[in-house]
Amino acid sequence: MQKEVKKTPFYEMHLKYKAKIVEFAGFLMPVQYEGIIPEHEAVRTGVGVFDVSHMGEVEVRGKDRLRFVNYITTNDAVKLAPNQVQYSAMLYPDAGIVDDLLVYNLADRAFLVINAANTDKDYKWIIDARKFDVSITNISDSIAQLAIQGPKSEPVTQKLFDLDLAAIKFYWAIETKMAGMPVLLSRTGYTGEDGFEVYMENKYASKVWDLIFEAGREFNIRPIGLGARDTLRFEVRYCLYGNDIDKTTNPLDAGLGWIVKMDKGEFIGREALLKIKEAGLKRKLVGFEVTGRGIPRPHLDIAAEGQVIGHVTSGTFSPSLKKGIGMGYVEIGFGDIGKKLQVIVPGKDPIEVEIIKGPFYKHGTRK
C-alpha cells in the first residue's frame with residue numbers, strides 16, 4: 001500500500017511564501033521560493049531559514065545509551081562531553097553505510113538525527129541492533145526543526161535567547177527555552193556557514209517560525225528551499241546519502257575515515273573495515289572542478305586515458321564559483337590532486353575536469 005505523503009508543521013508557511021512544492025523523502029517540501037541562486041547567495045552573505053522537519057530523530061535512553069551508540073556508529077560516542085554533538089555513520093556488517101547522522105549527548109538521552117528518506121529503515125536497523133540497557137524511541141513525527149544559516153545567523157538568533165550564543169561552539173548544543181517554549185538549540189548546520197538548528201515539539205513550530213522571521217527582519221532573513229540546501233552543502237563538499245554514500249560504499253572509500261575510530265573497540269562494520277584497510281582501497285571519492293564547459297551530473301561516467309574509471313555521484317553549477325563542480329568515485333590510481341579527467345556525456349563532447357583538494361568553496365563562516 002502506498003504511504004501517505006506527509007507535511008511538516010511549516011507547510012502553510014511555505015505556501016504563504018509562495019514556495020514551489022515537491023515531494024521529497026515522503027514529504028511535501030519547498031524546493032525553492034525566489035530561486036536557487038538568490039537563496040544560495042542569501043545564505044552565503046546574510047541569513048536564511050530551512051525547514052528540515054523531515055529529518056528523522058531517534059532517542060536512546062538508559063544507562064548504557066552512549067555505550068550502545070558507540071556500538072552502532074563509527075565515531076567515538078563515549079568521548080562526547082555533555083551537550084556535545086558528533087558527526088558519525090552507521091554501518092552494515094560488510095561496512096556499507098546505513099546512514100550518516102548527528103549524535104547529540106544530552107543530559108538524559110542520546111539524540112540521533114538521521115536522514116529523512118532513511119528514517120524507517122534506520123529505526124528498524126537500530127532496533128534490530130539493540131543490546132545493553134537502553135530504550136529506543138522514534139520521535140520523528142513529533143519534532144519540528146528549523147536551520148538558521150549564514151554569517152548573520154548569530155545576531156538573529158541571539159535576539160531570541162537570554163544566553164550568550166557566542167559561548168556555544170560549533171557542534172555543541174543546549175536545551176533551553178525560546179519565549180517560554182522548550183527547544184534544543186545547537187550550533188550546527190550543513191551549509192559551510194555559521195548557523196544554528198532549533199528542534200521543538202510540533203505544537204510550537206508556527207510560533208517559533210514567526211519569532212525567527214521577526215528577529216531576522218532587519219537582516220532581510222528569508223526562507224530557503226531544498227535546491228539551495230543542496231548547492232550549499234555541495235560547495236563545501238559534504239556528502240549526501242543516496243548520492244555520495246549508501247549501502248554500496250564504505251566510509252574509507254568516501255573519505256570519511258576521520259569519523260571512523262578503529263581503536264575504540266567493537267562496533268558494527270569494524271571487522272569488514274579492517275579487511276578493507278588490509279587489502280587496500282580500490283577506489284576513492286574525489287572532488288573535481290570543470291576546466292572547460294559543461295555541468296557534471298550524477299551517474300555520468302568518468303574517464304581517463306580513454307577508459308572509464310568511475311562515475312559522478314553529485315554534480316551541479318556552483319553559484320559561488322560560477323562553474324561546474326562534481327564528486328565521484330574513481331579507481332584508486334586516478335585520484336591524485338591535479339589529475340585531469342573527463343566526464344562522459346552521451347551524444348556530446350566530454351566535460352574536462354580536474355581533481356582538487358578540499359572543499360570547492362573555502363570562504364564559509366562556519367565557526
SB check D349 R293 (cutoff 4.0 Å): no

Work out which heavy atom in S53 is nearest to a heavy atom in A144; give both atom names and the distance. OG-CA, 3.6 Å

Just say parallel, tilted or perpendicular for the rings of W125 and Y92, cut-offs at 30° and 60°. perpendicular

Closest heavy-atom contact between V312 and F288? CG2-CZ, 4.0 Å

So, for L341 and I355, which heavy atoms are closest and what is the spacing to 0.1 Å? CD1-CD1, 3.7 Å

Tell me whether E214 is salt-bridged to R217, with the criterion being a basic N under 4.0 Å from an acidic carboxylate O. yes

Can you tell me which residue pairs pass the salt bridge (Lys or Arg N to Asp or Glu O under 4.0 Å) test with a partner in residues 251-272, sequence neighbours excluded? D253-R283

Going by atom types alone, do E354 and T291 pair a side-chain donor with an acceptor below 3.5 Å? no

Would you kindly confirm whether M90 and V78 end up in one hydrophobic cluster when ILVMFWY residues are joined by side chain heavy atoms under 4.5 Å apart? no

Using side-chain hydrogen bond (donor to acceptor under 3.5 Å, both in side chains) as the criterion, point out the one residue from Y104, Y199, W172 that pairs with S186. Y104

What one should report as the nearest heavy-atom pair of G315 and R297 is O-NH1, 3.6 Å

Please evaluate residues S314 and R233 with respect to the criterion side-chain hydrogen bond (donor to acceptor under 3.5 Å, both in side chains), reporting the C-alpha separation (whole Å), side-chain torsions for both, the decisive distance (0.1 Å), and the verdict. CA-CA 11 Å; S314 288; R233 75 91 194 163; 3.0 Å; yes

For the aromatic rings, using the six-membered ring if either is Trp, is the centroid distance between F213 and Y17 under 6.0 Å? yes

Could you give me the CA-CA distance, side-chain angles and deciding distance for T8 and H54, then say whether side-chain hydrogen bond (donor to acceptor under 3.5 Å, both in side chains) is met? CA-CA 7 Å; T8 79; H54 59 311; over 6 Å; no

Between the side chain of N138 and the main-chain N/O of S140, is any donor-acceptor distance below 3.5 Å? yes

I'd like to know if E41 pairs up with K322 as an ion pair, taking the criterion as any Lys NZ or Arg NE/NH1/NH2 lying under 4.0 Å from an Asp or Glu carboxylate oxygen. yes

Stepwise side-chain hydrogen bond (donor to acceptor under 3.5 Å, both in side chains) test for Y87 and N75: CA-CA 8 Å; Y87 179 65; N75 213 330; over 6 Å; no

Scanning both residues in full, the closest heavy-atom pair of Q145 with E57 reads OE1-OE2, 3.7 Å

What class does the angle between the rings of W209 and H14 fall in, given that below 30° is parallel, 30 to 60° is tilted and above 60° is perpendicular? perpendicular

Does a salt bridge link E305 with K339, judged by any charged N lying under 4.0 Å from a carboxylate O? yes

Does the distance from a Lys or Arg side-chain N to an Asp or Glu carboxylate O, for R187 and D194, drop under 4.0 Å? yes

Is the shortest side-chain N to carboxylate O distance from K124 to D128 below 4.0 Å? yes

Apply the side-chain hydrogen bond (donor to acceptor under 3.5 Å, both in side chains) test between R44 and each candidate in E39, Q149, E235; give the one that qualifies. E235

Hydrophobic cluster identity match, V31 and Y190, side-chain contacts under 4.5 Å: no

Quickly, which of L112, I114, V58 forms a side chain to side chain contact (heavy atoms under 4.5 Å, CB included) with D122? Name it, please. I114

Linked, directly or transitively: M178 and F111 (ILVMFWY side chains, under 4.5 Å): no

